[in-house]
Amino acid sequence: MSDTAVTPSTATFDQFGLAPDILKAVKESGYTIPTPIQEQAIPVVLAGRDMMGAAQTGTGKTASFSLPIIQRLLPQASTSASPARHPVRALILTPTRELADQVAANVQAYAKHTALRSAVVFGGVDMNPQSEQLRRGVEILIATPGRLLDHVQQKTANLGQVQILVLDEADRMLDMGFLPDLQRILNLLPKERQTLLFSATFSGEIKKLAATYLRNPQTIEVARSNSTATNVTQVVYEVAEGDKTGAVVQLIRERGLKQVIVFCNSKIGASRLARSLERDGVVATAIHGDRTQNERMQALDAFKRGEIEALVATDVAARGLDIAELPAVINFDLPFNAEDYVHRIGRTGRAGASGDALSLCSPNERKQLADIEKLIKRPLDVQRLTVEAPVRHHHEERAPRRERSSEGREDRGSRRRTGASSGSYDRPHHHRAQPVDDFFLKPYEPSPSSVRKIEEAAAAAAPQKPASKQPLAALLGGFGMPRKSSSST
DNA sequence: AAAAAAC
């Protein structure tokens with residue numbers, strides 16, 4: 001953030017008339033100068049107007065709506081313990097669980113000196129703690145649509161007093177087929193409310209959504225849509241499909257990349273690549289929709305803590321995720337949807353920092369490349385990449401499955417092995433044409449009976465403690481929580 | 001052609 005000190009803007013957060021408790025939190029978050037979208041959006045939201053915003057995350061979008069929402073709700077903040085005094089007054093919807101979590105963390109930080117309560121609900125995790133939190137009452141609720149509707153159905157969430165609705169990454173939500181869910185949610189809200197819609201693009205569908213649910217919205221656009229940040233250097237490397245894994249390793253090593261997100265087009269591809277990178281000595285883990293929510297969160301947290309060099313992701317991580325100081329993004333595959341390219345590379349070069357967007361393009365991906373160049377309205381720098389000494393050992397026999405299985409699952413591999421204890425680990429291996437081994441791709445799920453045994457054992461070991469603070473994941477030796485370990489109702 | 005999201 002120190003770079004922003006040279007920004008010629010003289011604006012400060014003081015100009016908006018935000019409460020001291022909010023300004024204090026802003027200061028503690030390290031922000032001093034509002035970003036362009038904040039400068040434009042905060043007064044509009046404070047005035048109670050509906051708004052359509054075109055901005056990507058990392059432009060300060062979350063604060064641009066969170067801060068004025070907190071300000072607007074402040075007069076109604078209650079210190080009462082009664083849940084009835086804490087109805088949901090602001091609802092923020094996001095397309096992915098990780099994004100919901102991230103927005104919630106921001107809201108929590110900005111509201112921490114106020115009496116307002118916030119909570120986040122999304123699928124893939126136990127409903128009960130969420131229900132309990134909702135029962136105690138929250139004024140600001142961040143959610144993914146499906147789980148929110150689940151809570152509504154269970155009567156653990158009541159949306160009858162919502163005054164402000166935020167649709168974050170609205171275009172993405174439509175892409176993902178959330179329209180019916182959004183319509184159901186919108187029908188549960190009071191007609192008299194403020195609605196804010198954020199979208200990367202204003203397509204016909206988005207305009208229709210806005211025309212239906214927003215009233216006389218003010219439009220705010222900070223960057224031309226589909227533009228890419230100028231501080232991100234984009235390079236495309238022509239490479240044979242089979243050389244891609246070697247190319248990723250080479251780029252990481254040659255450029256000395258400490259951290260990188262590597263995007264793949266498929267979940268299986270992401271899992272496979274993470275495993276291959278591990279074998280070449282890159283600390284890597286995969287994040288995609290076939291992994292449990294616990295595994296996804298652990299992967300992201302470990303990456304943010306700097307414990308992982310390469311986060312191999314599907315487009316679940318393409319939008320909105322804010323990872324500080326990410327120096328580079330690699331496209332292992334070029335996305336089929338050109339817009340996703342813009343979002344993917346938007347993970348780097350954030351908050352004014354510079355970043356590299358390195359894309360691998362095999363001969364059969366030329367069409368995708370052309371689509372991207374058309375969208376961003378400029379040709380990309382295409383270079384030929386010679387993959388030196390690909391880490392392949394064609395002369396070696398394929399390892400028997402039994403031996404490989406001793407490595408454990410792909411995500412366990414993120415904890416680097418020490419040479420001594422793993423005899424089979426350094427064994428040469430194949431890099432391509434490996435049959436997809438179900439063992440590595442299927443998430444590990446202990447049987448319900450074994451989970452019960454472990455829980456019983458844990459309870460017996462610590463009978464004094466009312467609720468074991470030890471997460472079940474830890475008891476399972478680092479494996480993720482099984483998807484359905486506990487009763488949902 | 002693939003990803004995401006409720007159970």
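Predicted, not measured: the structure shown is a model, and the values here were computed from it. Naming convention: chains lettered A, B, ... in sequence-line order (proteins, then strands); numbering from 1 in each chain.
For A/Gln183, there are no side chain to side chain donor-acceptor pair (under 3.5 Å) partners, not counting sequence neighbours. Contacts of A/Ala328 classified as side chain to side chain contact (heavy atoms under 4.5 Å, CB included), with partners at least two apart in sequence or in another chain: A/Leu257, A/Val260, A/Asp356.
If you take CD of A/Gln368 and P of B/dA3, they are 14 Å apart, rounded to a whole angstrom. Spacing between atom CZ of A/Arg291 and atom C1' of B/dA4 amounts to 16 Å, rounded to whole angstrom units. A/Glu169 has its CD atom 13 Å from the P atom of B/dA5, to the nearest Å. Between A/Leu93 atom CG and B/dA4 atom P there is a gap of 20 Å when expressed in whole angstrom units. Between A/Phe178 atom CZ and B/dA6 atom P there is a gap of 6 Å when expressed in whole angstrom units. Summarising the geometry, the separation between CG on A/Leu179 and C1' on B/dA4 is reported as 16 Å, rounded to the nearest angstrom. The NE2-P distance, from A/His151 to B/dA5, rounds to 15 Å in whole Å. Between A/Gln293 atom CD and B/dA4 atom P there is a gap of 11 Å when expressed in whole angstrom units.
In the set B/dA5, B/dA2, B/dA6, the nucleotide with an atom closest to the side chain of A/Asp150 is B/dA6. When distances are taken from the side chain of A/Ser266 to each of B/dA6, B/dA2, B/dA4, the shortest belongs to B/dA2.
OP1 or OP2 of B/dA4 has not a single side-chain nitrogen or oxygen of A/Arg172 nearer than 4.0 Å. Between A/Thr314 and B/dA2 there is no side-chain polar atom (N or O) within less than 4.0 angstrom of OP1 or OP2. Taking 4.0 angstrom as the limit, A/Arg319 places none of its side-chain polar atoms (N or O) nearer than this to OP1 or OP2 of B/dA5. When the side-chain nitrogen and oxygen atoms of A/Thr144 are compared with OP1 and OP2 of B/dA4, none of them lie within a distance under 4.0 Å.
Note on A/Asp315: nothing from the nucleic acid sits closer than 4.0 angstrom, heavy atoms only.
For A/Arg296 and A/Glu98, the salt-bridge test passes: some basic side-chain N is under 4.0 Å from an acidic carboxylate O. Taking a cutoff of 4.0 Å between a charged side-chain nitrogen and a carboxylate oxygen, A/Asp50 and A/Arg215 do not qualify as a salt bridge. Salt-bridge check for A/Glu325 with A/Lys304: failed, with every basic side-chain N at 4.0 Å or more from each acidic carboxylate O.
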